[in-house]
Amino acid sequence: MSELPSTARVVIIGGGAVGASSLYHLAKAGWTDCLLLEKNELTAGSTWHAAGNVPTFSSSWSLMNMQRYSAELYRTLGDQVDYPMNYHVTGSIRLGHSKERLQEFKRVVGMGRYQGMELDILSPDEIKSRYPFAETHDLTGALYDPNDGDIDPAQLTQALAKGARDLGAKIVRFCPVTAVRRENDEWVITTPKGEVRCEYVVNAAGYYAREVGKMFGRDVPMMVMSHQYMLFDTIPELEAWSKEAGHKLPLMRDVDSSYYLRQEKYGMNLGPYERNGKAHWITKDDPMPEDFSFQLFPDDLERLEWYLNDAIERVPILGTAGLSKMINGPIPYAPDGNPLIGPMPGVPNAFEACVFTFGICQAGGAGKVLAEWVMNGETEWDMWSCDPRRFTNYTDPQYCIDKGMEIYGHEYAMHFPKHYWPAGRDRKHSAIHDKIAALGAQFKPFNGWERAMWYAQPGDDTSAAATQTWNRNGPWSPRIEAECLAVRDAAGILDLPGFSRYRIKGPGATEWLRGLITGKVPKPGRIGLAYFSDDKGRIVTEMSVMMLDEDFFFLITAATAQWHDLEWLKKHLPKDAAFSIDDVTDAFSCQILTGPNSRAILAEVSNADLAKGWLTHQSCQIAGKWLQLVRVSFAGELGWELHTKVEDTAEVFDAVWAAGQAHGLKPFGMEALDSLRIEKGYRAWKGDLSTDYTILQGGMERFIDWAKPDFKGKAAMEREKQQGVTKRFVTLVVDAGDCDAPYMSTLWHDGKVVGETTSGNWGYRIGKSVALGMLRADLTEPGTEVEVEIFGERRKAIVQEDKPLFDPMNERLRA
Ligand SMILES: Cc1cc2nc3c(=O)[nH]c(=O)nc-3n(C[C@H](O)[C@H](O)[C@H](O)COP(=O)(O)OP(=O)(O)OC[C@H]3O[C@@H](n4cnc5c(N)ncnc54)[C@H](O)[C@@H]3O)c2cc1C
């Protein structure tokens with residue numbers, strides 16, 4: 001056993017598949033002075049008992065990328081590190097029971113092919129030819145993934161560990177981390193074998209991540225479920241077929257019934273994600289044990305009975321097999337089912353690579369992503385889907401339990417755009433929540449804040465069943481249309497609690513901001529959009545800058561960006577800064593009042609100077625309450641944002657609402673806002689705006705002030721400008737059918753993939769389907785015809801001029 005070194009550049013806590021992969025990727029990139037500490041033997045956590053399935057399927061672009069990378073790595077890893085292992089690439093068949101499921105598959109096929117994978121759709125007959133034992137009479141088709149397979153998780157971990165050790169990295173087993181402390185800008189890691197000083201530390205402690213997090217003062221948002229699979233004895237028919245075919249059956253996932261079924265030698269492995277799942281270690285009488293290494297929960301066959309019967313109906317030979325063994329192990333869940341990979345919120349030089357629900361198929365890619373975070377402070381692919389900062393302070397233990405249970409029971413569910421999942425709700429309410437609820441608001445949370453998505457009328461079908469569609473139209477569409485038209489023709493009000501807001505004040509603040517953003521800092525009394533770039537010229541974030549005075553301003557950003565953007569600002573704070581940055585999100589609320597009648601409404605209730613132009617702001621009073629009135633509109637109409645103190649919000653709303661009745665004022669929701677903004681070509685964060693694109697590709701050159709001597713990312717942008725961008729942001733009008741283009745639909749031209757959409761929606765003011773996206777630069781001439789693949793169908797799309805589709809000269813905004 002290795003001696004514990006006294007120093008290391010990076011210490012990784014936890015030796016499962018993910019910790020080992022992180023160590024391997026760091027070492028491979030040349031960071032060999034890294035140390036992995038494992039409290040027991042490698043794989044002692046979830047890894048040793050995992051089934052080892054390695055799917056690439058995901059409806060998330062970034063997760064698919066990570067899984068694709070893993071599958072590619074695993075094919076060559078054994079040879080690369082000279083550690084042969086069992087990795088069977090069997091392919092998989094994912095069964096579809098409905099039209100909607102096939103639509104989902106077709107979308108994923110499009111994404112997968114874009115990533116270079118030959119995914120395919122199978123007809124029921126084709127399913128039979130690949131899987132002769134399956135009943136297919138009730139199926140609409142299947143997705144075939146030739147890259148799917150299974151790997152021995154322990155061998156995978158050992159191979160990664162060997163690779164890392166061979167490169168010079170160290171692993172010390174039976175060495176639990178018991179405490180950490182910060183000393184002289186270093187971490188000191190305490191273990192029974194002594195202390196280690198390091199620059200960076202990584203929490204890769206799997207289902208123990210919350211316990212390890214506590215050592216850093218960090219409450220890791222997670223919970224633990226029990227997950228089972230059943231192993232069956234040899235089935236003679238399967239053995240005979242397999243020997244004759246010379247290969248195993250592809251892995252089958254009956255996603256609508258919620259299980260996978262895999263050939264295991266000549267028997268089978270059945271693994272359900274049951275609706276009646278069980279959480280562990282959540283009550284006082286069931287505390288998490290100090291050590292659960294290599295242990296399992298008792299079998300619980302009863303919970304799986306329905307799934308077993310369903311699987312036997314699907315594959316009748318399974319009914320002839322004897323059950324040989326059950327495995328019931330702990331599996332951690334973050335509140336959205338994705339892992340946590342990236343900076344540990346609020347803690348310097350500390351990272352997370354934990355809470356993996358699919359940690360075997362994701363370990364390879366996760367190791368790459370984690371290593372990039374540690375070494376470079378950024379990643380090649382935009383990994384917001386896994387960024388720990390996507391959760392903020394609303395993720396209390398009960399929330400984590402409720403969401404984990406919901407996700408586990410719907411592990412294979414389709415995520416329809418108008419379905420707002422019910423668990424873990426009502427964490428944060430706006431001051432006027434009850435008032436807008438009474439108006440029919442249908443809510444969805446944003447960073448914990450419940451916001452109205454659309455307003456139902458009495459008699460509207462607001463059931464979950466009605467939302468099980470990818471179609472644009474449903475009970476919501478006439479309402480969203482009416483909301484958009486009210487904004488166009490009269491006025492609308494949208495309650496927007498939780499808009500993230502930082503107050504920056506003190507000498508040097510303006511100069512600092514000037515060096516950080518790409519464009520000009522607005523003058524006092526004005527507000528402007530600011531883009532933040534990394535050193536590669538990529539889009540980190542977008543914020544509004546509201547200048548109150550020289551060296552005193554607010555930065556306002558998306559609700560979900562609250563911790564991410566704050567950390568970006570703090571990371572770039574000079575050591576000797578004489579100004580402060582404070583997160584004042586919880587002190588303020590916001591309402592958008594917009595539409596041609598909004599001025600008349602405000603004239604009746606406020607003492608503001610309503611002649612002040614677009615992009616100005618002012619303090620004023622409504623109902624005797626102070627507010628900041630900001631002349632902007634994400635809806636693209638005449639309008640203002642009303643930034644109130646939380647405690648004054650209701651009175652301000654009441655006054656505006658009452659005055660608005662004579663002017664046709666209607667409430668509108670986030671769905672309408674998304675439609676209105678897309679007609680204006682306004683970008684949304686982490687869809688249209690992400691680190692997958694540069695500022696120049698994003699078409700934001702008008703927000704670059706080249707005359708500034710320097711700003712973050714300038715050198716990269718100058719280089720890129722000289723070389724010319726390879727792809728460019730475009731607005732497309734799509735000849736869509738029933739569905740608008742979802743995120744990451746592929747764009748085609750002349751039979752080749754030439755780009756992707758970053759968002760799509762119906763524009764109710766223009767009566768057209770609109771998509772925003774990235775297109776090969778030589779095709780961005782207005783009028784060029786391309787095709788966009790929407791749920792497998794290629795639809796005609798025309799490149800538009802680089803200006804808004806609605807009100808191209810912004811006359812209504814400036815009115
Ligand atoms: C029954 C079952 C089947 C599964 N099947 C699959 C599958 O087919 N495909 C798939 O992708 N995923 C599967 N999973 C999930 C998979 O097992 C996990 O996602 C994966 O193993 C997580 O790996 P990890 O390295 O993050 O965590 P772990 O393997 O849990 O490793 C964490 C390590 O940290 C160590 N540790 C904890 N605290 C400390 C400390 N204080 N100091 C030092 N070390 C510490 C632990 O001992 C442990 O070894 C399955 C899970 C279950 C339960």
Side-chain angles (χ1 to χ4, degrees), residues 11-23 35-56 66-67 70-71 74 148-154 156-157 160-161 171-180 189-193 201-215 222 224-231 251 253 260 262 269 271-273 280 288 290-297 326-334 337 339-341 352-367 370 408 411:
V11 167
I12 295 171
I13 305 172
V18 174
S21 177
S22 303
L23 188 72
L35 169 69
L36 185 152
L37 299 176
E38 164 55 49
K39 77 170 170 190
N40 194 280
E41 182 55 89
L42 293 181
T43 75
S46 287
T47 296
W48 71 277
H49 56 61
N53 303 328
V54 185
T56 63
M66 198 161 74
Q67 293 169 184
S70 296
Y74 301 168
D148 209 319
D150 59 271
I151 198 161
D152 180 319
L156 168 66
T157 310
L160 291 162
I171 296 176
V172 179
R173 295 170 297 140
F174 301 100
C175 189
V177 171
T178 52
V180 300
I189 312 293
T190 307
T191 79
K193 296 186 178 183
V201 60
V202 181
N203 177 356
Y207 58 79
Y208 272 97
R210 183 173 242 152
E211 309 311 306
V212 170
K214 282 179 196 158
M215 300 179 197
M222 62 172 289
V224 181
M225 295 292 295
S226 86
H227 178 46
Q228 309 183 74
Y229 59 84
M230 296 175 245
L231 294 168
L251 184 147
R253 283 189 189 79
Y260 69 82
R262 185 178 99 196
N269 171 342
Y273 289 93
H280 271 277
M288 190 171 200
E290 259 299 290
D291 191 4
F292 201 69
S293 302
F294 294 112
Q295 293 183 55
L296 293 172
F297 301 124
M326 285 188 66
I327 297 283
N328 185 2
I331 187 165
Y333 270 79
L340 305 174
I341 320 172
E352 289 174 341
C354 51
V355 199
F356 281 77
T357 296
F358 293 100
I360 306 306
C361 67
Q362 293 172 350
L370 184 278
Y408 181 86
E411 190 55 79

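When reading the values below, keep in mind they use all heavy atoms of this one structure, side chains included, and skip hydrogens, waters and symmetry mates. Counting starts at 1 for both ligands and their atoms, following the listed order.
Using a 4.0 Å cut-off to heavy atoms of A205, the atoms of ligand 1 that qualify are 32 (C), 34 (O), 37 (C), 38 (N). Less than 4.0 angstrom separates some heavy atom of P176 from each of these atoms of ligand 1: 42 (N), 43 (C). Near F356, meaning under 4.0 Å from one of its heavy atoms, ligand 1 places the atoms 18 (C), 19 (O), 26 (O). Close approach of ligand 1 to G15 is summarised as follows: ligand atoms under 4.0 Å from at least one heavy atom of the residue are 33 (C), 34 (O). The distance from ligand 1 to the heavy atoms of L37 drops below 4.0 Å at these ligand atoms: 43 (C), 44 (N). Atoms of ligand 1 lying under 4.0 Å from any heavy atom of F358, numbered from 1 in the order shown and given with element: 10 (C), 11 (O), 12 (N), 19 (O). Ligand 1 places these atoms under 4.0 Å from at least one heavy atom of G52: 7 (C), 8 (O). Taking a cut-off of under 4.0 Å to the non-hydrogen atoms of A51, the atoms of ligand 1 that pass are 3 (C), 4 (C), 5 (N), 6 (C), 8 (O).
In terms of protein heavy-atom proximity, atom 20 (C) of ligand 1 is nearest to G359 CA, 3.8 Å. Ranking the protein heavy atoms by distance from atom 39 (C) of ligand 1 puts K39 CD, 3.9 Å first. Scanning all protein heavy atoms for the shortest distance to atom 21 (O) of ligand 1 gives T47 OG1, 2.9 Å. Nearest to atom 13 (C) of ligand 1 among the protein's heavy atoms is A50 CB, 3.9 Å. With respect to atom 8 (O) of ligand 1, the closest heavy atom belonging to the protein is N53 N, 2.7 Å. Protein heavy atom nearest atom 1 (C) of ligand 1, with residue, atom name and distance: H227 O, 3.2 Å. The shortest contact between atom 30 (O) of ligand 1 and any protein heavy atom is with S46 N, 2.8 Å. Shortest contact from atom 47 (O) of ligand 1 to any protein heavy atom: E38 OE2, 2.7 Å.
Considering both main-chain and side-chain atoms, I327 never comes within under 3.5 Å of ligand 1 through any nitrogen or oxygen pair. Some N or O of I360 is nearer than 3.5 Å to an N or O of ligand 1, by distance alone. Checked against a 3.5 angstrom limit, the closest N/O atoms of G329 and ligand 1 fall outside it. Checking only distances, A17 does come within under 3.5 Å of ligand 1, N or O to N or O. Ligand 1 has no N or O atom lying under 3.5 Å from any N or O atom of V212, backbone or side chain. For ligand 1, the polar-atom distance check against Q362 finds no nitrogen or oxygen pair separated by under 3.5 Å.
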Full working for ring-ring contact (aromatic ring centres under 6.0 Å, His included) between H49 and F294: CA-CA 8 Å; H49 56 61; F294 294 112; 9.3 Å; no
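Checked against side-chain hydrogen bond (donor to acceptor under 3.5 Å, both in side chains), Y208 has no partners two or more places apart in sequence or in another chain. Among residues two or more places apart in sequence or in another chain, the side-chain hydrogen bond (donor to acceptor under 3.5 Å, both in side chains) test is passed with D148 by S92, R253.
To the nearest 0.5 angstrom, N53 atom CG is 9.5 Å from I360 atom CD1. A distance of 8.5 Å separates OG in S22 from CG in L36, rounded to the nearest 0.5 Å. Here the OG1 atom belonging to T191 is positioned 13.5 Å from the NZ atom belonging to K39, to the nearest 0.5 angstrom. The structure places CD of E38 at 12.0 Å from CD1 of I12, a figure rounded to the nearest 0.5 Å.
At a heavy-atom distance under 4.0 Å, only backbone atoms of P330 (N, CA, C or O) approach ligand 1. By the criterion of a heavy-atom distance under 4.0 Å, the side chain of Y229, and not its backbone, is placed next to ligand 1. Of the heavy atoms in A204, only backbone atoms (N, CA, C, O) come closer than 4.0 Å to ligand 1. Only side-chain heavy atoms of Y208 come within less than 4.0 Å of ligand 1; its backbone N, CA, C and O stay farther off.
T56 and A71 make their closest contact through CG2-CB, 4.1 Å (heavy atoms, listed as atom of the first residue, atom of the second, distance). Taking every heavy atom of both residues into account, Y229 and A50 meet most closely at OH-O, 3.7 Å. A pairwise comparison of heavy atoms in V11 and L37 identifies CG1-CD1, 3.8 Å as the closest pair. Scanning both residues, S46 and P330, for their nearest heavy atoms gives OG-O, 2.7 Å. Closest of all the heavy-atom pairs between V18 and G359 is CG2-O, 4.0 Å.
Between atom 53 (C) of ligand 1 and the options H49, E211, M215, the minimum heavy-atom separation is to H49.
Aromatic ring orientation, F292 versus F297: tilted (interplanar angle from 30° to 60°). Classified by interplanar angle (parallel below 30°, tilted 30° to 60°, perpendicular above 60°), the ring pair H227/Y408 is perpendicular.
Residue-ligand proximity: S293 is placed with every non-hydrogen atom at 4.0 Å or more from ligand 1. Ligand 1 has at least one atom lying under 4.0 Å from a heavy atom of A44.
Side-chain atoms of E411 and Y260 include no donor-acceptor pair closer than 3.5 Å.
Contact check for I327 versus L296: side-chain heavy atoms found under the 4.5 Å cut-off.
Formation of a donor-acceptor pair under 3.5 Å by the S70 side chain with backbone atoms of G364 is found in this model.
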